[in-house]
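Reminder, nothing fancy here: chain letters follow the sequence lines and each chain counts from 1.
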Number of protein chains: 2
Amino acid sequence: MMPDAPDRRSADPNEGIMRATSRALRDHGYADLTIKRIAEEYGKSTAAIHYHYDTKDDLLAAYLDHLIDQFASSVREVETTDPAERMDLLLDKLLVDVAEYRELLVAMLEMRSQAPYKEAFRERFRQNDEYLRYMLKAVINHGIDEGVFRDVDADHAARALMTIVDGARTRAVVLDDGEALETARQTADEYVETVLVADD
Amino acid sequence: MMPDAPDRRSADPNEGIMRATSRALRDHGYADLTIKRIAEEYGKSTAAIHYHYDTKDDLLAAYLDHLIDQFASSVREVETTDPAERMDLLLDKLLVDVAEYRELLVAMLEMRSQAPYKEAFRERFRQNDEYLRYMLKAVINHGIDEGVFRDVDADHAARALMTIVDGARTRAVVLDDGEALETARQTADEYVETVLVADD
DNA sequence: CGCTTTTGACTGACTAGTCAGTAAGTACGA
DNA sequence: TCGTACTTACTGACTAGTCAGTCAAAAGCG
């Protein structure tokens, strides 16, 4: 009966509920995620959750916003401006760093698979995808301007890389393939070097 | 004795249940798939379903077998032996032909997202993946032997292409991106032409 | 005090799976 | 050829459990 030490430093109830949701998702997955399980992680009753969020979907939409914000912040940390190096670091963020969050990747694929039925989910996944594609496009265009990359269709190249990223994550989860992410990291490099990089 | 009488024309209950499961999946998705809904499509009671399959998971495992068999048959139809053309037709099967089955793609992503929790599902998705990778590897090795493709790591190239395929399907479903499959078809071609095809 | 937060008890809807019984067809023995 | 035994396919009623969400009351706090 002690899921976690109640951290008094952050008395913000929302932050606590977000953390509880995250733990419940990691432990039980999305399909078996219930208000009761979130409440157990939160250390309060289910009605306490309903006091802060009217419906389960409201809570989950808020959780997605929370998660996407965190991820966007971590991408924003990439500060190099050199196009080739920046591309490298971005691909590492997307394909290497996520390997540590296996259980969250599992739950996120479950939530992604509900996008066709839940507009609130779809909206947020789209927004996140758009942001990442924008980052990739910016790097590619920068590289083209500097003559490091060939004059390719930056939008198409960004979509191609995102397809590799999504494919790798799907495969890592579905096939429980521990090497799917590394394989895809290599494939992304092949794509960058053969399609993007100008070989003088 | 043998439950499968080969030439009992019509009224094979199993076939009917497979069709009912398929329709229920298309109409309601996996998350909202219930025995009751399958029974409604079947036109009989829920107990009739339980008469043929002990548990819901048994039924769904049988349905996956059914589906994978169908898909493998359709891939086996590709008869060209010329490596470049065969690769082209295989990629069409994997990325173009599936566009017609949007609702089934949605339901399949849902089921795939349950693979970490259901070994029976994971097993079957792995088997299907292995089969497709084997087909791709065979074509690539054939192409290398004939000097049409460079002497690349066939296993890695097959995995790279499958990553693009899985990424495209995930994106088509999650982002409701009607062009995700076409974009990926183009990306797959770029990969084949720049990484696989021997230039000069 | 009064306001926010939390609780416990509850509801109604829905779920997979069970069970006894039925109808129709088939196999077999005399 | 009749009758008995058995099989397949199914039904309707039921159990036992889950779930999100509601609500009146109470606790905590500034």
Is there a donor-acceptor pair closer than 3.5 Å between any side-chain N or O of B/S22 and the backbone N or O of B/M18?
no
Dump every N/O contact between nucleotides 22-24 of chain C and the protein below 3.5 Å, one line per pair.
none

Looking across every strand, which nucleic acid part, if any, lies under 4.0 Å from A/Y53 by heavy atom: base, sugar-phosphate, or nothing?
nothing
Not counting sequence neighbours, which residues clear side-chain hydrogen bond (donor to acceptor under 3.5 Å, both in side chains) with A/T194? List them please.
B/T194
Would you kindly give the CG-to-P distance between B/N14 and D/dC10, to the nearest whole Å?
10 Å
Does the distance from a Lys or Arg side-chain N to an Asp or Glu carboxylate O, for A/D176 and A/R102, drop under 4.0 Å?
yes
Does B/Q70 have any side-chain contact (heavy atoms from CB on, under 4.5 Å) partners at least two apart in sequence or in another chain, and if so, which?
B/H66, B/L67
Results of side-chain hydrogen bond (donor to acceptor under 3.5 Å, both in side chains) for B/E146 - residues two or more places apart only:
B/H142
Show me the donor-acceptor pairs within less than 3.5 Å that the side chains of residues 24-38 of chain A make with the rest of the protein, sequence neighbours left out.
residue : atom : partner : partner atom : Å
A/T34   : OG1  : A/R37   : N            : 3.1
A/R37   : NE   : A/D32   : O            : 2.8

Walk along nucleotides 11-27 of chain D from 5' to 3' and tag each nucleotide B, S or - by protein heavy-atom contact under 4.0 Å, base first, then sugar-phosphate.
BB------SSBBB----
Quick one: do B/D88 and B/R185 make a salt bridge, cutoff under 4.0 Å?
yes
From B/L175, B/V174, B/V173, residue fulfilling side chain to side chain contact (heavy atoms under 4.5 Å, CB included) relative to B/R171:
B/L175
